[in-house]
Each structure stands twice: as C-alpha cells, then as structure tokens.
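In what follows, a structure is listed as structure tokens, so that the remarks can point back to it.
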Amino acid sequence: MENRLEKKILELKKNDKKALACFVTVGDPNTRISEKIINSLPTFGADIIEVGLPFSDPMADGPTIQKSSLRAINAGINIFKTFRILKNFRKKNNVTPIVLMGYFNPIFQFGLKNFFYEANKCGVDGIIIVDLPPEEDDLLQKFLETNKVHNIRLIAPTTKPERIKKISKSSKGFLYYVSIMGITGTKKPSINSVKKSVDSIKKITKLPVLVGFGIDSSSQISQFNNFADGCVVGSAIIKLIENSVDKKLNDKQILDSIKNFLIKLTKK
C-alpha cells in the first residue's frame, strides 16, 4: 500500500493546499478522552496526526507537553494501549496519516522489531525519534523498510548545510523544521528567520518541509505556508487539554474547545 503520508502531501500539493499536522500526547488526560480526540482530529481539520508517546524525560519538550506526558503516564498509558487506540482509529479512518513522535528509550525497551511490526499493523505511516541522530540509522533501517514506516527527521535553526544533506538522505515523508532554538511551546518563531532557513533547506532537498514549535495562530500559519509545505501545531492543543482538565470540563466540552481552536486556526 502507498504510504498515506506521501499520498496526503501530494494530494494537498495538487490542490494548492498546505498540510496541517496536529500533535497530541496519547493518553492525555486519560485513555478514553485521548482516543476521542485522536478520532476527531481529521474532522476538525487535521491533515496529519502526530501522536506523542509519553516519556518521563522528554528533553525537547517544554512544560506544557512535559505535563501532558506525566498526566498520560499517571493515567496508565503505555505502548500496548497506544497501539490499541491506533488500531481502533484505523477501523474508521484509513486515509489520515499517523506519525508517532517520541524518544528512543521506550521504543528500545519495547523491542525494535516488535515495535515497528505493531506500528505497521496499526497503520502508522511515519516516526520521529527526537533523540536518535542519523548516525544511528542502522539500528532502525531494516525495521523501517520491512514495515513501510517513514523516518522523519528534525532540522534545527543551527543545522549546517552538510548536515541537512545527510539528514535528508535518511528521511522520508517530510522534514520537520524546528522554528525556534530551545524547547516546545516556550517562544514565538521569527517569520523572516524561518523563511530564510526553509528556503535554504529547499535548495538542498526535494522533501517537503513542515514548520513546527511555537505555532498557535492563523496569522503564523498563513505566513509560514507562503514558503513551507505546512505547519505542525502541538503545544497550543495540549494547553487547551490542560485548561479543560483544570476546569473539569466533560468530554464534549474538551472536544469542542479543540474543534473551535482549529477552525479559527485554519481561517485565512
């Protein structure tokens, strides 16, 4: 089967549209609500769903996503339950690409062979392993190829051209450009500096480039989409979930808050 990620981005490009990838931490604030959120994201406007695997030491993530990981872990989420949620999602939706995003330790502990086998069975299209550099690709390559899971790489503002060449050779699906220096959800990216970096990346690789970290408004998305192939929104959605938990909102109210936010976010 053709990888849904490549198919979706190609379809959007043909229709002169840009991708909106939405990140949520699986199991946050609990398994029941999390599954409802993931199932609903495509109807709320998400072209790609990024599913964050909770980890006790998420070094690239700011306080918002760190707290979401802690809520999910405390609620009893694990990789087995994550795969069950994704299997259920695929029973209803076999079109929307799913990208897993996480850290190497939980994946390694689960077992690389078993992890990617189960990921394939659940219809996972791509994976972002935040703390595994390209130099360690040999650990994953045969499992990625066998199970048709694309390896998506992060590129930072400090990444040099030679490094970008190396990263792009080991990547498939798209490149994720980190728009700020630092951790998620803590700063606002500069449009001009991001444009300069994305333009430079596009001279090196033909892979689509999506921009993430610090995006929470329709004006940002509109500006980034002038030169990038799409945007990733994460901390802003997680913050909504956190606020909903603090206010003790019910499932429908939580879903409505995410829906209303994404509708506003995609308005031009």
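As the structure is a computational prediction, the values presented were derived from the model and not from experiment.
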Got a sec, which residues hit side-chain hydrogen bond (donor to acceptor under 3.5 Å, both in side chains) with [X], two or more places apart in sequence or on another chain?
{"X": "N243", "result": "none"}
{"X": "D125", "result": "R4, R90"}
{"X": "S171", "result": "none"}
{"X": "K166", "result": "E135"}

Find out if a path of hydrophobic residues (ILVMFWY) with successive side-chain heavy-atom gaps under 4.5 Å connects [X] to [Y].
{"X": "I33", "Y": "F261", "result": "yes"}
{"X": "I49", "Y": "V95", "result": "no"}
{"X": "F108", "Y": "V149", "result": "yes"}
{"X": "L5", "Y": "L12", "result": "no"}
{"X": "L70", "Y": "V130", "result": "no"}

Could you pull out the closest heavy-atom pair between [X] and [Y], with the gap in Å?
{"X": "P134", "Y": "I167", "answer": "CG-CG1, 3.8 Å"}
{"X": "V99", "Y": "F174", "answer": "CG2-CE2, 4.5 Å"}
{"X": "P54", "Y": "I73", "answer": "CB-CG1, 3.9 Å"}
{"X": "T96", "Y": "A46", "answer": "CG2-O, 4.4 Å"}
{"X": "Y176", "Y": "V232", "answer": "OH-CG1, 3.6 Å"}
{"X": "F44", "Y": "L262", "answer": "O-CB, 3.6 Å"}

All N/O donor-acceptor pairs, side-chain side in residues 113-124, below 3.5 Å, sequence neighbours left out:
unit_1: N120; atom_1: ND2; unit_2: N147; atom_2: O; d: 2.6

Interatomic spacing from [atom1] in [X] to [atom2] in [Y] - rounded to 0.5 Å:
{"X": "I241", "Y": "T25", "atom1": "CD1", "atom2": "OG1", "answer": "7.5 Å"}
{"X": "I204", "Y": "R163", "atom1": "CD1", "atom2": "CZ", "answer": "13.0 Å"}
{"X": "C22", "Y": "I237", "atom1": "SG", "atom2": "CD1", "answer": "4.0 Å"}
{"X": "I254", "Y": "L249", "atom1": "CD1", "atom2": "CG", "answer": "6.0 Å"}
{"X": "Q253", "Y": "N250", "atom1": "CD", "atom2": "CG", "answer": "4.0 Å"}
{"X": "N30", "Y": "N74", "atom1": "CG", "atom2": "CG", "answer": "12.0 Å"}

Side chain to side chain contact (heavy atoms under 4.5 Å, CB included) with I258: of V24, I263, I37, only one passes, and it is I37
Practice problem: Among L53, L100, I98, find the one that has a side chain to side chain contact (heavy atoms under 4.5 Å, CB included) with I127. | Solution: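 So the option named by the test is L100.
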Can you tell me if [X] uses its side chain to pair, donor with acceptor, with the backbone of [Y] under 3.5 Å?
{"X": "S68", "Y": "I65", "answer": "yes"}
{"X": "N93", "Y": "F89", "answer": "no"}
{"X": "N15", "Y": "K17", "answer": "no"}
{"X": "K18", "Y": "C231", "answer": "no"}
{"X": "T82", "Y": "N78", "answer": "yes"}
{"X": "S197", "Y": "S193", "answer": "yes"}
{"X": "S179", "Y": "F213", "answer": "yes"}
{"X": "S34", "Y": "G27", "answer": "yes"}

Query raised in the report: Mind checking whether F227 and F224 have parallel, tilted or perpendicular rings, split at 30° and 60°?
Result: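 F227 vs F224 ring planes: perpendicular.
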For this session: Decide side chain to side chain contact (heavy atoms under 4.5 Å, CB included) for L210 and L175; before the verdict, give the C-alpha distance in whole Å, the side-chain angles of both, and the deciding distance to 0.1 Å.
Result: CA-CA 6 Å; L210 271 62; L175 292 171; over 6 Å; no
Could you tell me whether K172 atom NZ has more than 12 heavy atoms of other residues or ligands within 6.0 Å of it?
no
- Mind jotting down which residue pairs meet the side chain to side chain donor-acceptor pair (under 3.5 Å) criterion with at least one end in residues 198-217? Sequence neighbours excluded, please.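 Qualifying pairs: K188-D216, K195-D199, K202-D229, S217-S219, S217-Q220.
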Contacts satisfying side chain to side chain donor-acceptor pair (under 3.5 Å) that involve residues 36-47 (not counting sequence neighbours) are K36-D251
Residue pairs passing the ring pair (Phe, Tyr, Trp, His ring centres under 6.0 Å) test with at least one member in residues 125-144, sequence neighbours excluded, are none
TODO: May I have all residue pairs that pass ring pair (Phe, Tyr, Trp, His ring centres under 6.0 Å) and include part of residues 52-75, sequence neighbours excluded?
DONE: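 Non-adjacent pairs meeting ring pair (Phe, Tyr, Trp, His ring centres under 6.0 Å): F55-Y103.
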Evaluate V26 against L86 for side chain to side chain contact (heavy atoms under 4.5 Å, CB included), listing each step before the verdict.
CA-CA 10 Å; V26 67; L86 299 184; over 6 Å; no
Checklist entry - Hey, mind stepping through M101 and V51 against side chain to side chain contact (heavy atoms under 4.5 Å, CB included) and telling me if it holds? => result CA-CA 6 Å; M101 185 170 185; V51 176; over 6 Å; no
Any side-chain donor near an acceptor of the partner, S170 and D137, under 3.5 Å: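 Yes.
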**Exercise: do S222 and N225 side chains pair donor with acceptor under 3.5 Å** = no
Would you say that [X] contacts [Y] through its side chain, given a criterion of any heavy-atom pair below 4.5 Å between the two side chains?
{"X": "R153", "Y": "I164", "result": "no"}
{"X": "E242", "Y": "T64", "result": "yes"}
{"X": "L20", "Y": "I221", "result": "yes"}

Does V194 form a side chain to side chain contact (heavy atoms under 4.5 Å, CB included) with Y177? I'd like the steps, not just the answer. CA-CA 9 Å; V194 174; Y177 180 72; 4.0 Å; yes
Worksheet item: So which pairs with a foot in residues 91-109 pass salt bridge (Lys or Arg N to Asp or Glu O under 4.0 Å), sequence neighbours left out?
Response: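 Those involving residues 91-109 do not exist here.
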- Applying salt bridge (charged side-chain N to carboxylate O under 4.0 Å, His left out), name anything that partners K81, two or more places apart in sequence or on another chain.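 Not a single residue meets the salt bridge (charged side-chain N to carboxylate O under 4.0 Å, His left out) criterion with K81.
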Side-chain ion pair, K14 and E11, N-O less than 4.0 Å
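Salt bridge: no.
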Checklist line | Basic-acidic side-chain contact under 4.0 Å: K142, E145 | finding: no
E136 meets the side-chain contact (heavy atoms from CB on, under 4.5 Å) criterion, sequence neighbours left out, with L132, P133, L139
